[in-house]
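The next block holds one structure in the form of C-alpha cells; read it before the comments.
Everything numeric in this text was worked out from a predicted model, so none of it was measured.
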Amino acid sequence: MEAYYGRQIECLCRSVHGTDGSIYAEALRRWDGIAKPIGGLGEFERLIAKIAAIQGQTDVSLSRRAVVIFCADNGVTAEGVTQTDSKVTAVVTENFARGIASVNRMAAVADTDVIPVDIGVAGEIREPGVRDMKIARGTANLRREPAMSMEQTLEAVHHGIAFAGEMKDAGYDLLAVGEMGIGNTTTSSAVASVLLRQPPEMVTGRGAGLSSDGLQRKLAVIRDAIALHHPDPDKPFEVLAALGGFDLAGMAGLMLGGAIYRVPVVLDGMISGVAALLAQAVCPHVTDYLLASHLGKEPSCALVMERLGLRPVIHGQMGLGEGTGAVMLFPLLDLAYEVYRENRTFADIHIDAYERLD
C-alpha cells in the first residue's frame with residue numbers, strides 16, 4: 001500500500017501547474033477600473049484576483065465554502081508537553097459535529113459549513129456528522145520512535161487529496177483548513193524546525209498555555225526527537241512520518257488536492273502553515289492555490305509565511321486553532337467581493353480613471 005499511495009500522490013502532483021497569470025492580471029485591471037483609488041483595498045484586491053486565477057474566471061464565486069477540521073491525537077503527549085491529556089481531542093471533535101465549538105459560532109456568521117474529520121483520534125467518536133478517515137488511534141511518541149509509518153503518512157495525505165476532489169464535486173468554491181489535536185503544536189514545531197532549518201527555540205511557543213518550565217520540557221522533547229530520527233529536510237514525507245501527525249498529513253493532502261482540483265484553500269494558523277510547508281516541498285506550485293488568513297502568535301508563524309511567500313491579512317495574535325482564523329477571512333473576502341462585483345466603474349460615472357504611475 002505504501003508504494004500505491006506514493007505513486008498516486010506523485011502522479012496527481014505532476015498534474016499541478018501554476019495558475020493563469022492572464023486571468024489574475026485581468027482581475028486586477030477590473031479592480032483598477034472601479035471608481036476608487038487604485039489599490040485602495042490593498043491585499044484584498046490581490047486575494048480576489050488570486051481566487052479568480054484559481055477558478056479560471058474573473059467572475060469568481062465565493063458562495064459555497066467549508067472549513068475542514070482534521071482531528072487526531074499525538075503520542076508525544078506522554079512526555080508532558082501539554083496542559084491537558086488526549087481525551088480532550090475526542091470531546092472537541094464531537095463538539096464540532098454538535099455545532100457548539102468556537103469555530104461553529106464563527107462559521108454560522110460567515111455562512112460556512114463545518115466538516116470535522118476523524119483522521120486519527122485516539123478515543124471513540126460516536127457523534128454523527130464526523131467524517132471517518134481514521135488511520136490509527138493516535139500516533140506513536142515521536143521522542144521514542146517515528147510518529148507514523150510511511151504507509152500511514154502517505155495514506156493520510158492521500159485521504160486529504162481525495163477529500164478535496166470530493167468537495168469540488170460537491171460544489172464548494174472555497175475550502176479552509178483547521179485542526180484539533182492535543183500536542184500538535186509540538187509536532188508542528190518539530191517539523192517546522194527541520195523544514196525551516198531553524199533551532200527549535202526559534203519556532204516553538206507555549207501552545208495552549210504552557211508554563212516556562214513546560215516550554216523548556218517541550219523544547220527538550222523536540223530536540224531529542226530530531227536527534228533520534230535525523231530527518232532530512234529535503235525529504236518532506238520522511239520528516240512528516242518521523243515528527244508529524246495525522247492532522248498535518250491530512251491538511252497537507254487537502255492543500256495538494258486544492259491545487260490538483262483548482263479549489264482555493266485558506267490556511268489557519270501555525271499548524272496549517274507547517275502543513276503548507278510540507279505540501280510546498282512536495283509540489284512547489286501549491287502556494288498558487290493557498291490563501292493566508294492570519295498571522296498567529298506562535299513564533300514560527302512569520303518564518304513559515306515568509307517561506308511560503310504568502311501575506312496574512314489579519315494580525316490578531318490568535319492561537320485558537322479549529323480553523324477559526326481561516327473562517328474569519330471569509331466575511332472580509334465577502335466585503336471586498338461586493339465592491340469588485342457591484343461598484344460602479346469610472347466609465348459608469350463619466351470621470352477620468354486613476355492611472356498607475358509607478
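Note that the CD atom of E43 and the CD1 atom of I314 stand 12.0 Å from one another [nearest 0.5 Å]. Atoms CG and CD, on D20 and E26 in that order, are 9.0 Å from each other to the nearest 0.5 Å. The distance from atom SG of C13 to atom CD of Q8, rounded to the nearest 0.5 Å, is 11.0 Å. Within the model, atoms CG of L329 and CG of L47 stand 6.5 Å from one another, a figure rounded to the nearest 0.5 Å. Note that CH2 of W31 is 8.0 Å distant from CG of N343, once rounded to the nearest 0.5 Å. Considering CG of L248 and OG of S272, their distance stands at 9.5 Å, rounded to 0.5 Å.
The minimum heavy-atom distance linking F70 with G160 is given by the pair CZ-CA, 4.5 Å. Looking at every heavy atom in both residues, P233 comes nearest to V194 through CB-O, 3.4 Å.
Inter-residue side-chain proximity for V67 and V177 is flagged as unmet; no heavy-atom pair is nearer than 4.5 Å. Taking the side chain as every heavy atom from C-beta outward, V265 and Y289 never approach each other to under 4.5 Å. Under the 4.5 Å side-chain criterion, counting only non-hydrogen atoms from C-beta, I135 is in contact with I119. M270 places none of its side-chain heavy atoms less than 4.5 Å from the side chain of P299. For the pair V92 and E322, the minimum side-chain heavy-atom distance is below 4.5 Å. Considering only heavy atoms from C-beta on, M251 comes within 4.5 Å of E179 through its side chain.
Remark: the backbone N or O of R131 is not paired with any side-chain donor or acceptor of D118 at under 3.5 angstrom. In terms of modelled atom types and a separation under 3.5 Å, the side chain of N74 and the main chain of V76 share no donor-acceptor contact. With R206 contributing its side chain and G214 its backbone, the two residues share no donor-acceptor pair below 3.5 Å. Side-chain atoms of R262 do not come within 3.5 Å of backbone N or O of T19 as any donor-acceptor pair. No donor-acceptor pair closer than 3.5 Å links the side chain of R64 to the backbone N or O of T112. Formation of a donor-acceptor pair under 3.5 Å by the N104 side chain with backbone atoms of A101 is found in this model. Counting only distance, with no hydrogens or angles, the side chain of Q198 and the backbone of A192 share no donor-acceptor pair below 3.5 Å. Under a 3.5 Å cut-off, the side chain of K297 and the backbone N or O of M318 do not form any donor-acceptor pair. Using modelled atom types, one side-chain atom of Q55 and one backbone atom of S61 make a donor-acceptor pair closer than 3.5 Å. Put simply, the side chain of T324 gets close to the backbone of G321: a donor and an acceptor are under 3.5 Å apart.
Under the 4.0 Å criterion applied to side-chain N and carboxylate O atoms, E45 and K36 are assigned as salt-bridge partners. A salt bridge links R98 and E127; the closest N-O separation between the charged side-chain nitrogens and carboxylate oxygens is under 4.0 Å. Using a 4.0 Å cut-off between a side-chain N of Lys or Arg and a carboxylate O of Asp or Glu, R7 and E10 do not qualify as a salt bridge. The pair K87-D73 does not meet the salt-bridge criterion, since no charged nitrogen lies less than 4.0 angstrom from a carboxylate oxygen.
Tested against N184, the residues T77, T139, D247, T89 include a single side-chain hydrogen bond (donor to acceptor under 3.5 Å, both in side chains) partner, D247. The only member of R143, R217, K218 that meets side-chain hydrogen bond (donor to acceptor under 3.5 Å, both in side chains) when paired with E79 is R143.
Between the side chains of Y172 and D113, at least one donor-acceptor pair of N or O atoms lies under 3.5 Å. A donor-acceptor pair shorter than 3.5 Å cannot be found between the side chains of D213 and S211.
Under a 4.5 Å side-chain heavy-atom criterion applied to ILVMFWY residues, the cluster that includes I125 comprises V121, V130 as well.
Here H159 pairs with nothing under the ring pair (Phe, Tyr, Trp, His ring centres under 6.0 Å) rule; sequence neighbours left out. Shown here are the salt bridge (charged side-chain N to carboxylate O under 4.0 Å, His left out) partners of D234, two or more places apart in sequence or in another chain: R197.
Residues M106 and L62 share a single hydrophobic cluster, defined by chaining ILVMFWY side chains whose heavy atoms lie under 4.5 Å apart. Residues V16 and F163 share a hydrophobic cluster, clusters being chains of Ile/Leu/Val/Met/Phe/Trp/Tyr side chains in contact below 4.5 Å.
Within 6.0 Å of atom CD in E306, 12 or fewer heavy atoms from other residues, nucleotides or ligands are found, so the atom counts as exposed in its surroundings.
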| request: Step by step, work out the salt bridge (charged side-chain N to carboxylate O under 4.0 Å, His left out) result for D334 and R65. | output: CA-CA 12 Å; D334 289 339; R65 57 272 190 113; 2.7 Å; yes
